[in-house]
Amino acid sequence: MDVVQSLSEGFSIALLPPNLLACLFGVLVGTLVGILPGLGPAATLAMLLPLTYGMGATTSIIMLAGVFYGAKYGGAVTSILVNLPGEPSSLMTCIEGYPMAKKGRAGPALGMSAIASFFAGTISVVGLMLIAPPLADFALSFGPPEYFALMTLGLTLVMFLAGRSMVKALIMGCLGLMLATVGTDTVSGVERLTFGHMFLMSGINFVVVAMGLFAISEILANVERDMEASIFKVPKKLSELLPSLGDLRESVVTLVRSTILGFLVGTVPGGSPAIATFLAYGVTKAVARDPEVFGTGTMRGVAAAESSDNAAACGGLIPLLTLGVPGTGSAAILLAALIMGGLQPGPLLMKQQPDFFWAVVASMYIGNLLLLLMNLPLVPVFANLLRVPYYVLYPSIIAITSIGVYSVNNNVSDVWLMVFFGAVGYLTKKIDYPAAPMVLALVLGRMMETALRQSFIIFDGNMAMIVQRPISSILLGLAVTVLTLSIVRGLRAHKVVFS
Amino acid sequence: MKLDRISSLVFFLIGVLMIRESQMLPYMVGHTPGPGFFPLWLGIALVVLSAVLFITTRSAEMPFLENRFGFRKTVFLVALLAAYVFSLSYLGLLLALGAFLAILLRVIEGKGWRTSVSIAVLTSVGCYLLFEVSLKVPLPSGILGI
C-alpha cells in the first residue's frame, strides 16, 4: 500500500541520528516547559526557533513538534500534583486529576495521563496520515456561526460541571463571561470595564485567573486547615503507583471517544485545544452511568481530558501541514520554521515534499513512544514529590506561580490580580461555588462574543439564517439539548429538596 | 448567617453594576450587536440568577468560621502576599521573595529562624538562577537592580 511504503520511508528518515536526537531534545524540553507554569509552548517554540537555522526543515520541525506535544505530557504533571493548570487545556486534568492526588492516587493519575496521551497521540497521527486533506476541507468550512455554536456547546457542557447547585455554577459562568469582556473590544475597539487601568486594556489573562483561582486558593484553603507534613497519602507499593488493569479497562471507551472528538475539534483553526477538552470531558460525564463521581477524581475524567488534549494538538497540525494555515500560535511558529527551512507550505506540500511530510509523521510516532517511555518510569518520582513537607511545597508553588504569572506580560499588576483571584477562589470555595465554570467561561467568552457579533455582521442581522448552515445548526441543537437536560436535572434535584 | 443569601445579594449588586456599565456603551451598531450588548445581557442574567438563588436558598447555616485560628492564618497569608507583590517593584524578585518566604515560614508556619531563612534563601536563589540566569526570563527587578 502506498501509505505503508511512504510511512516506512518516513521512518527511515526519522530514525537517522540527527533527527532522532532532535526528537529527543524536543520532547525533553517540551516536558519541562509543560511542567513550568507560565512558560507556554508557543513562547518556547519562539525561543528555540533561532536554534533551527542551520538544521534543515525536517530536523527543525521534528524538534519543534516534539516540544509541542511534549508540553502536553508535562502539563498534566503540575495539574495533577498541585492543581496548577499550565494552559487552558490542562484545566480538566486539574479538575479530575488533583482530587485523585488528594486521595492518594497521584501515581495512577499520572500514569493514566501518560497512557492516554500516548494513545491519543498515536491514533491521531494515524488520522493525520490517512484523512488529513478531507479533514482540512471540513475544518475550513467553519465560519463565525460555527465557532459560536461550538463555543455555546462547550459552555453548556460546562454547566454539567455544576456541583450540587446549577444556579451557582451558572452565576460563576456569568462572572467568567463578564471577566472575558474586560479589555479592548475586538470588534469595535472600545475599552470595556478597564476603569482607566492600562494593564487591563488587553483583557484579563487566563494564566493569571487560573493560577489564582486554582493554585493559590487551594494553598489558602490548605493553610487554613493547618496541613501538617505531607497532606497527600503517598502509596508505598509499586502496584499502587500505576493505573490498574481495571482502570484501563473502564477507560477504553472514554479514550477512543475523547480522542476522536479531540482530534476533530482540534482540526478547526482558531479553536484552542481547550475547547476539545471541555467537550470531551463534558460528553464523558454526560453519558456516564454515574456522573456524580466526576469531579471527585475518576480515571475516566483524566483519560478524557488528556487524550482529547493530545488529539487536539495533533489535529491542530492538520491545517498547517495540508493547507499551510496555522490554527494556533504554536502552529504559526512551526509555519515560520517551515518557511525558514525552504519549504513552501500549502496544499501541495504533501505531494511535493513527501519525504518531509512522512518523516515528520514518523517522528511523531517516535516522539510519543519516547514520551511514554520517559514518563511512565518517572511517575513514582513525581508521585513522591508529594512526600515533601507541605510547608516547603507551598511556598515554592507561590514562588513559581508568581514568577510564571509575571512572565506573561512582565507586569506586576498581573501578580496582584493573581493574589486577588486567589482570595476570591478561596472565598467561593468556602461558600461552595464551583470555580471551574468561571475559568471556562473566561476562556470561551471572548471568542464566543466575537464569533456571535461576526455572525450578525455576516447575516446582516438576520440570525435565523444560522439554521441554514448544517454544522452550526447541529451544534446549536446539541447545545440546546444539553441545556434543557441540565435544567431538567437541576429542577428534579430541587423537587427532591423541597418535598 | 445565611451565606448563600448574602452572596446572592453581592452578585445581585454586581449584576446591577454591570448593567449600569453597559449603558455607557452602544447597544447596537447598525444591525449588529455593539460592545454594550453582551455586558447588558450578562448583567441581566446575573441579576436574575442571583434572585433565583436568593429565593431558592434554604440552606442550613454554613460553617464559615469553624476554624478561627486557621482562618487568621489565611488572612495573614493574604496580607503577606499583598505585601510581597507590593515590594516586588521596589526590592526585585530575589529580595522580595526571600523576605516573603522567610516571614511566611517563621510567622505562619512557626518554624525556627534557621529553617525559615535557609528555605527562603534556597528557594529564592534557586528560582533566580533557574529563571533569570538559565532561562533568561526577565524577573521583576528592584531599586538595587537585581
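Each of L220(A), V415(A), I457(A), L170(A) has some count of heavy-atom pairs under 4.5 Å with chain B, and the biggest count is that of L220(A). Most heavy-atom pairs under 4.5 Å with chain B, from the set I398(A), V392(A), I400(A): that is I398(A). Chain B forms more heavy-atom pairs under 4.5 Å with one residue of T181(A), I403(A), V412(A) than with any other, namely I403(A). Listed options T123(B), L88(B), V52(B), L104(B) were ranked by heavy-atom pairs under 4.5 angstrom with chain A; first place goes to L104(B). The residue among D185(A), N411(A), T428(A) with the most heavy atom pairs within less than 4.5 Å of chain B is D185(A).
Annotation: side chain of I219(A) is in contact with side chain of L77(B) (closest heavy-atom distance under 4.5 Å). At a threshold of 4.5 Å between non-hydrogen side-chain atoms, the residues L93(B) and Y406(A) do not count as touching. A heavy-atom distance below 4.5 Å is found between the side chains of I119(B) and Y391(A). Contact check for M448(A) versus F38(B): side-chain heavy atoms found under the 4.5 Å cut-off.
Put simply, NZ on K168(A) and CZ on F11(B) are 9.5 Å apart, with the number rounded to the nearest 0.5 Å. In this structure, the separation between CG on L81(B) and CD1 on I216(A) is 6.0 Å, given to the nearest 0.5 Å.
The two residues R453(A) and P33(B) have their closest heavy-atom pair at NE-O, 3.2 Å. Across all non-hydrogen atoms, the minimal contact from C174(A) to L42(B) is SG-O, 4.0 Å. Shown here for L175(A) and I14(B), the closest heavy-atom pair between the two residues is CD2-CG2, 4.3 Å. S8(B) and Y433(A) get closest at one heavy-atom pair: N-OH, 4.2 Å.
In this structure, chain A has a heavy atom under 4.5 Å from the side chain of L105(B), while its backbone stays farther away. Heavy atoms closer than 4.5 Å to chain A are found in both the backbone and the side chain of L46(B). Using a 4.5 Å cut-off between heavy atoms, A120(B) does not touch chain A at all.
Taking non-hydrogen atoms and a 4.5 Å limit, the residue list of residues 16-24 of chain B in contact with chain A, ordered by number, reads M18(B), E21(B).
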TODO: Run the numbers on S402(A) and Y84(B) for side chain to side chain donor-acceptor pair (under 3.5 Å), then give the verdict.
DONE: CA-CA 10 Å; S402(A) 57; Y84(B) 161 61; 2.9 Å; yes

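Under the ring pair (Phe, Tyr, Trp, His ring centres under 6.0 Å) criterion, F76(B) pairs with no residue at all, not counting sequence neighbours.
Within a 6.0 Å radius of CZ in F86(B), other residues, nucleotides and ligands contribute 12 heavy atoms or fewer.
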